[in-house]
Structures are given as structure tokens and as C-alpha cells.
Amino acid sequence: MAGRSRRYSDELQNFNSTPCSLDNDKPWTSTLDTDHMPERADDVYESEASETRPLNETRTENDTETAHKVPTTKSASKKAKGMTYEVVLTSLGEFGRYQQRVFIMVGWATVAVSLQMFLSIFTLAVPKHRCAIPHMANDTWQIQSDLHALLVNVSIPPGDLDTYSSCLIYADASRHHGNWSHLGSGYDLKSPNETSLWPGSEDVGGGDNNYSLLNKENGTTSCDRYVYDTSLYTSSMTTELNLVCERNLYRSHAQMMLMMGCLLGSQLSGLVSDVWGRKIALMTSLVSNVLVVLAMAFVQSYVLLLMLMFLTGVTLLGIFSVSFVLSLELVGPSKRLWPGIGYAVFFALGMMLLSLVAYFLRDWQHLQLVCAALTVPHLFFWWFIPESPRWLLSKGRADDAKVILNRMARVNKVTLTLDVLDKLEVKTDMPLWKICISTRKLVGRHLIIFFSWMVASMTYYGLSLNAGTLGGSVYVNVVLMGLMDIAALVVCLLLLDRAGRRVLGAVWYLVAGVACTATLFPVLFASQDKQWISVMLALIGKFGIAGAFAVIWIFASELFPTVMRNSAMGASSVCGRIGGIIAPYIANMDAGGSGSKAIPLVIFGVPAIVVCVLLLCLPETLKRRLPETVQDAVDMGRKKKKAKRAEV
């Protein structure tokens with residue numbers, strides 16, 4: 001292998017230095033010795049192709065002498081037929097200027113996805129609230145006068161931390177206030193400061209506060225009208241539709257519908273992109289997303305809200321998954337780590353941008369409209385991004401693929417001189433269910449990956465949605481969570497090829513699990529001025545799970561054999577969406593009591609610790625060739641002496 005790779009590296013240097021016309025009407029030629037050309041993409045980046053001449057190096061006249069000598073032996077022709085699409089990408093520049101441009105354009109679409117994925121942190125936020133005083137239409141959360149304060153005290157029982165009860169009203173408040181209904185229509189709560197101005201005040205006032213005793217004796221009841229604190233949010237979907245108290249679970253239902261839409265969107269977008277192409281699938285998702293998000297800004301019905309949340313999830317995953325696949329299909333095999341991590345960085349930037357926009361737009365409708373407007377520029381992608389050459393080749397459209405590859409070569413300033421399009425292999429995936437009849441060992445591994453993916457998604461989205469209940473400023477919390485994502489991704493880039501996928505992934509899950517579980521102690525035992533500790537632990541948990549999510553993407557793709565990699569990654573994504581569906585119910589969980597804020601974090605933390613242990617049962621994939629067949633994948637778990645053919 002070493003001698004063969006060295007010979008190919010030398011030939012590749014000559015190939016990259018050979019000038020050639022990029023005219024589509026002319027045949028491609030090359031000096032490559034295809035008898036020694038690698039048959040798989042793994043052989044390319046296992047070789048020392050990194051020593052080839054830089055793309056911008058000046059070429060000499062001597063390089064043109066053998067430009068049109070094409071090998072014609074039978075062995076050469078046979079070997080050339082074994083070339084893969086990855087070999088062509090390697091010769092073009094695995095992550096050249098052309099791929100970088102496309103990556104940046106579709107990466108900004110990921111920012112729009114992140115904005116809308118976490119938009120419910122603000123549009124479904126729950127401000128401070130209490131029951132409205134019966135028969136008083138102009139009641140507000142803010143106390144307007146002494147009269148207003150006393151009227152509220154008559155009506156609303158006390159709550160936790162010296163506040164009013166959020167959901168209860170004294171049972172006989174309606175009977176007393178029935179005589180004062182005129183206060184709600186024409187009475188100015190700001191002008192009177194004496195209780196003697198109340199009609200019937202002698203019945204409820206007095207120095208002994210007998211009105212309080214009377215109300216307490218008659219108990220409390222729920223209400224159906226509320227007033228909200230507008231100091232943090234001018235308005236939200238929650239305040240518009242009264243999604244509080246007995247309807248508090250309705251917010252979780254709405255967020256669940258978003259994740260349900262993501263589940264369908266991940267599968268539907270894959271089907272559309274495979275049949276009609278990546279570009280059409282992406283543009284369809286973008287146009288649909290703009291229309292749905294615009295419609296949601298004017299929703300007045302809870303049922304309609306659920307429908308639009310579901311459709312938003314479908315379009316968001318269509319944008320994210322198709323743009324991600326399109327970008328990776330343009331990048332060579334040894335450089336895919338960079339766009340993979342880069343997409344996660346764009347996602348984190350979207351979360352931080354959302355916090356900034358929401359800080360200046362406290363009205364949920366304005367915020368919704370701005371998020372829709374930020375997606376509109378992406379509609380112009382149609383004229384700037386290409387179709388995937390890999391997809392075109394799989395559909396037999398070699399001429400269209402040749403045009404794109406020529407353009408890529410021109411922008412990357414390299415020469416494309418080999419007629420490879422007729423010699424590329426198109427591999428098909430083995431259905432995932434066939435692993436059940438192949439080996440039990442792979443079934444066990446895949447179940448661990450599926451569970452790990454579900455826990456990562458559940459914890460990641462759960463912690464993000466829980467940002468508003470951690471304490472402190474929700475805007476600062478969201479920005480800090482975005483920064484935790486970026487910090488974790490930087491650490492992944494530094495350590496992933498040193499520590500290995502298995503160990504680093506286990507450490508990430510352990511950090512997330514321990515940090516989330518530990519929040520129980522400051523919530524239960526620390527004083528109110530020490531609650532910043534729980535916020536810090538939650539941020540550490542977000543740091544850990546962001547790193548775990550990044551590692552599990554790469555680790556899973558390297559564990560699954562090529563013949564079933566796409567279908568297995570799709571199944572992993574489904575499990576991740578199931579975790580996302582569960583996350584809103586956990587994040588919005590409120591069991592009451594002093595430790596209720598810690599309950600969601602503990603539920604997120606314990607499964608993460610379990611995954612830490614399970615990952616250590618999987619084989620390491622660092623510096624090992626990607627498994628091509630089911631047997632290759634099985635061999636990865638055997639002892640080193642039995643797996644030499646799977647090592648570099």
C-alpha cells in the first residue's frame with residue numbers, strides 16, 4: 001500500500017501541473033498512470049497526496065510535454081473503471097475556493113435555520129403573570145395606585161418569593177367586585193389613592209384587614225383571564241393565546257410539533273433531493289419556509305399555530321439537511337471535518353444572532369417577521385449554487401456534471417485532464433434492516449449510536465429551550481449558550497484527531513451529564529444570591545453536549561460500513577428527532593417546590609452519563625480505514641492482530 005500510494009502521489013503531482021483547455025467540447029486527457037490509481041477514496045487520503053504541488057504554483061513549459069499521452073492498456077482501462085467520485089474531488093482540490101464559496105452561502109442558510117429553531121425561546125416565553133381582577137377590563141400587571149394595590153390584594157393570593165399567585169384567585173373575589181364593575185370601563189385606577197372612594201369600601205376595608213380573612217376562608221380557584229408583565233416582553237404567543245397555568249402544556253405541544261415537523265422534514269427532504277435533485281429540494285424548502293413563517297406572524301388560533309409549527313419544522317430540516325449534504329458532496333473525503341464542524345458554528349452563530357434581534361424586538365410578531373425577512377435573500381441562491389455533481393452522475397447526467405466540475409477546476413485554478421466521468425462507480429446502499437440478518441454485533445453498536453444520538457438531541461435542545469428559566473437575563477443566557485457551542489467545536493477540532501472519537505465522545509457526555517445533574521445541589525441548598533452557580537453548571541452542560549453532538553456525527557459515520565452508511569445515518573437522525581420531540585416537555589417541566597428548576601437538568605444529565613459508559617464499548621475509528629462492507633465493520637471491533645487490514 002505504501003509503495004502504491006507513493007507512486008500515485010508522484011503521478012498526481014504531474015497531473016495537477018498539466019495545463020489543459022477547459023472547453024467542454026474538448027476531450028479530457030491526462031498523464032496519470034491509471035494502473036496505479038487508487039480504487040477507493042480512502043486510498044487517496046491515506047496516500048501522501050498532501051505533498052502535491054500547491055494549486056497556485058507556477059507551471060513550467062516542461063510540464064506540457066506529456067499532456068496528451070493517455071494510457072491505453074487493458075489493465076489501465078480496467079483500473080480506471082474503479083475510480084470513485086472522491087478521487088476526482090481530490091484532484092480538483094478537496095476544499096478549494098469553489099467549495100468554500102458554496103459552503104459559506106449555504107452555511108448562512110443554516111443561520112436562518114437556527115434562528116427559527118430556537119425562536120420559541122422568545123415567542124413562547126412566559127412572562128410574570130397573575131389572574132386579572134374580575135370585571136376590570138383595564139387591569140394591568142403593574143400596580144398603578146394604592147387603590148389598585150389594595151384591589152389586587154383583595155383578589156389575588158400570595159405566591160412564592162413575595163409575589164402574587166400566577167394562576168389562582170380568591171373564590172369570592174368575583175362576588176365582591178361585582179359591585180365595582182364600573183371601575184373597569186371608565187374608572188381611572190391612577191387617580192384615587194384613598195379606599196374611601198370605593199363603593200362599599202366599608203365592607204371590605206378597615207384596619208383589621210378583614211377582607212383578607214374573608215377571602216382566605218372561602219379558598220381559591222383558577223381563572224380564565226390574565227394580566228402579564230410587559231417589562232421583558234411586549235407581547236408573545238403565550239400572552240396572545242393565554243398559554244399559561246392550566247394551558248401551560250400547550251406550549252410544549254407547540255414545540256413538539258416543530259420537532260415532529262423536523263422528523264418528517266429530514267425524511268421528506270431526502271426523498272425529494274434524491275428524486276429531483278439537491279438544488280430543487282433546497283429552493284423548495286426555502287420558499288415554503290418564508291411563506292410559513294410569514295403566516296405564523298398573524299396566527300390567532302392555537303390549532304393554526306400547531307399546524308404552522310409543524311410545517312416550519314418540515315421546511316427547516318429541508319433547508320438544513322439538503323444544504324449540508326450538498327456542501328459535503330462537493331468536498332473531498334479528507335476535508336469533510338471542516339465543513340461538518342463549520343455548519344455547527346453557523347448554527348451557534350444563529351442562536352447568538354437571535355438573542356441580539358430579540359433584545360431589540362420585544363414584540364413577537366415583529367420578531368417573527370424579521371426572521372422571515374432574513375430568509376428571503378437565500379432565495380437568490382438559485383443563480384449561485386450548483387447542483388451536486390454526485391447526484392447528476394447517479395442520474396446519468398454526465399454532461400451536466402462535467403460542466404460543474406470544469407467550473408470548479410477553473411475557480412480552484414487546477415487542471416482537469418482525465419475523462420473520468422464514464423469510469424466512475426455508482427454504489428448503492430444496503431438497506432439498514434439487512435444488518436439484522438448479518439451480525440448481532442453491528443445491531444448492538446447501532447443501538448448504542450441511536451441512543452447516543454437521541455440523548456444528544458434531547459439534551460442539546462432541552463438546555464437551549466430551558467434558557468429562559470435558568471435565572472438572570474434570557475438574552476445573555478442564549479448568547480452564552482451559543483458561545484459554549486463554538487468553544488466546544490474549537491476543542492473538537494484540536495482534540496478529535498488526537499484523543500480519538502470514542503474517548504473524546506465519552507468525555508463530552510460525562511461533562512454534560514455531571515454538570516446537569518449537579519445543578520440539583522445549588523437549587524436545593526444554595527441561597528438565592530448563589531443561584532448563578534446553577535446557571536454556570538447548565539452552561540457547562542451545554543458545552544459538553546455541544547461537543548458530544550459534534551463527535552457523534554463523525555463517530556457514527558465512521559462506524560457504519562459504506563454499503564449502509566446513508567440509511568444508518570438517516571435512522572440515527574430519526575432517533576435524534578425523537579429526542580428533540582421529548583425535549584420541550586422536559587424543559588417546560590414544573591413540578592413545584594424549591595427543586596423544580598433542577599428537575600429538567602437532572603433528567604438531561606443522567607442519560608448522558610449512561611451514554612458515556614456505553615460509548616466505551618464501541619471500537620475506536622481514529623486512523624482506521626472507513627469500513628466498506630459489513631465484514632469490515634465487524635473487524636473493527638476485533639483485536640489489533642486480527643484487524644490489520646482495517647488499519648492504516
Side-chain angles (χ1 to χ4, degrees), residues 259 263 435 440-466 481 484-485 488 491-492 495-496 499-524 534 537-560 568-569 571-589 591 595 597-622 636-637:
M259 292 299 175
L263 175 60
I435 65 173
R440 294 182 179 179
K441 181 178 291 187
L442 288 188
V443 174
R445 288 183 194 170
H446 292 184
L447 290 177
I448 292 175
I449 290 295
F450 296 160
F451 180 66
S452 302
W453 207 300
M454 185 183 71
V455 171
S457 180
M458 178 186 70
T459 307
Y460 182 88
Y461 289 110
L463 287 174
S464 300
L465 296 174
N466 201 41
M481 285 191 170
M484 291 299 101
D485 279 18
V491 174
C492 283
L495 298 181
L496 198 57
R501 282 68 161 137
R502 181 182 62 175
V503 174
L504 185 58
V507 170
W508 281 128
Y509 276 103
L510 182 63
V511 170
V514 172
C516 290
T517 306
T519 56
L520 183 65
F521 299 101
V523 170
L524 289 179
S534 62
L537 289 172
L539 291 174
I540 294 175
K542 185 61 158 52
F543 173 74
I545 205 63
F549 219 155
V551 172
I552 201 65
W553 267 88
I554 299 170
F555 194 23
S557 65
E558 293 177 344
L559 275 175
F560 298 136
M569 290 295 286
S572 300
S573 179
V574 170
C575 293
R577 300 308 157 198
I578 293 174
I581 291 171
I582 300 171
Y585 293 96
I586 301 175
N588 296 327
M589 186 177 294
K597 287 186 177 181
I599 291 177
L601 295 172
V602 172
I603 296 176
F604 293 141
V606 173
I609 296 175
V610 174
V611 172
C612 167
V613 178
L614 292 176
L615 286 184
L616 297 177
C617 301
L618 299 177
E620 180 57 70
T621 60
L622 179 63
M636 292 182 71

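- Residues passing the side-chain hydrogen bond (donor to acceptor under 3.5 Å, both in side chains) test with Tyr461, sequence neighbours excluded: none.
- Under the rule for a side-chain contact (heavy atoms from CB on, under 4.5 Å), the partners of Ala488 that lie at least two apart in sequence or sit in another chain are Trp508, Phe543, Ala546.
- In this structure, Ser452 contributes its side chain and Ile448 its backbone to a donor-acceptor pair below 3.5 Å.
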Without placing hydrogens or testing angles, list every side-chain donor-acceptor pair under 3.5 Å for residues 600-621, not counting sequence neighbours.
residue, atom, partner, partner atom, Å
Glu620, OE1, Arg501, N, 3.3
Glu620, OE1, Arg502, N, 3.1
Glu620, OE2, Arg501, N, 2.9
Glu620, OE2, Leu622, N, 3.0
Thr621, OG1, Glu558, OE1, 2.6

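- The two residues Ala538 and Thr519 come nearest to each other via the heavy atoms N-CG2, 4.1 Å.
- Looking at Ile552 and Ser572, their side chains never come closer than 4.5 Å, going by heavy atoms from C-beta outward.
- Of the candidates Trp553, Tyr460, Tyr509, Trp453 forms a ring-ring contact (aromatic ring centres under 6.0 Å, His included) with just one, namely Trp553.
- Ser573 meets the side-chain hydrogen bond (donor to acceptor under 3.5 Å, both in side chains) test with no other residue; sequence neighbours excluded.
- Residues Ala512 and Gly541 share a closest heavy-atom pair of CB-O, 3.5 Å.
- For Ile582, the side-chain contact (heavy atoms from CB on, under 4.5 Å) test picks out Met458, Ile578, Ile586, with sequence neighbours left out.
- Between Phe451 and Cys575, every side-chain heavy-atom pair lies at or beyond the 4.5 Å cut-off.
- With values rounded to the nearest 0.5 angstrom, Arg577 atom CZ is found 5.5 Å from Ser457 atom OG.
- The side chain to side chain donor-acceptor pair (under 3.5 Å) contacts involving residues 603-612 comprise nothing, where partners must be two or more places apart or lie in separate chains.
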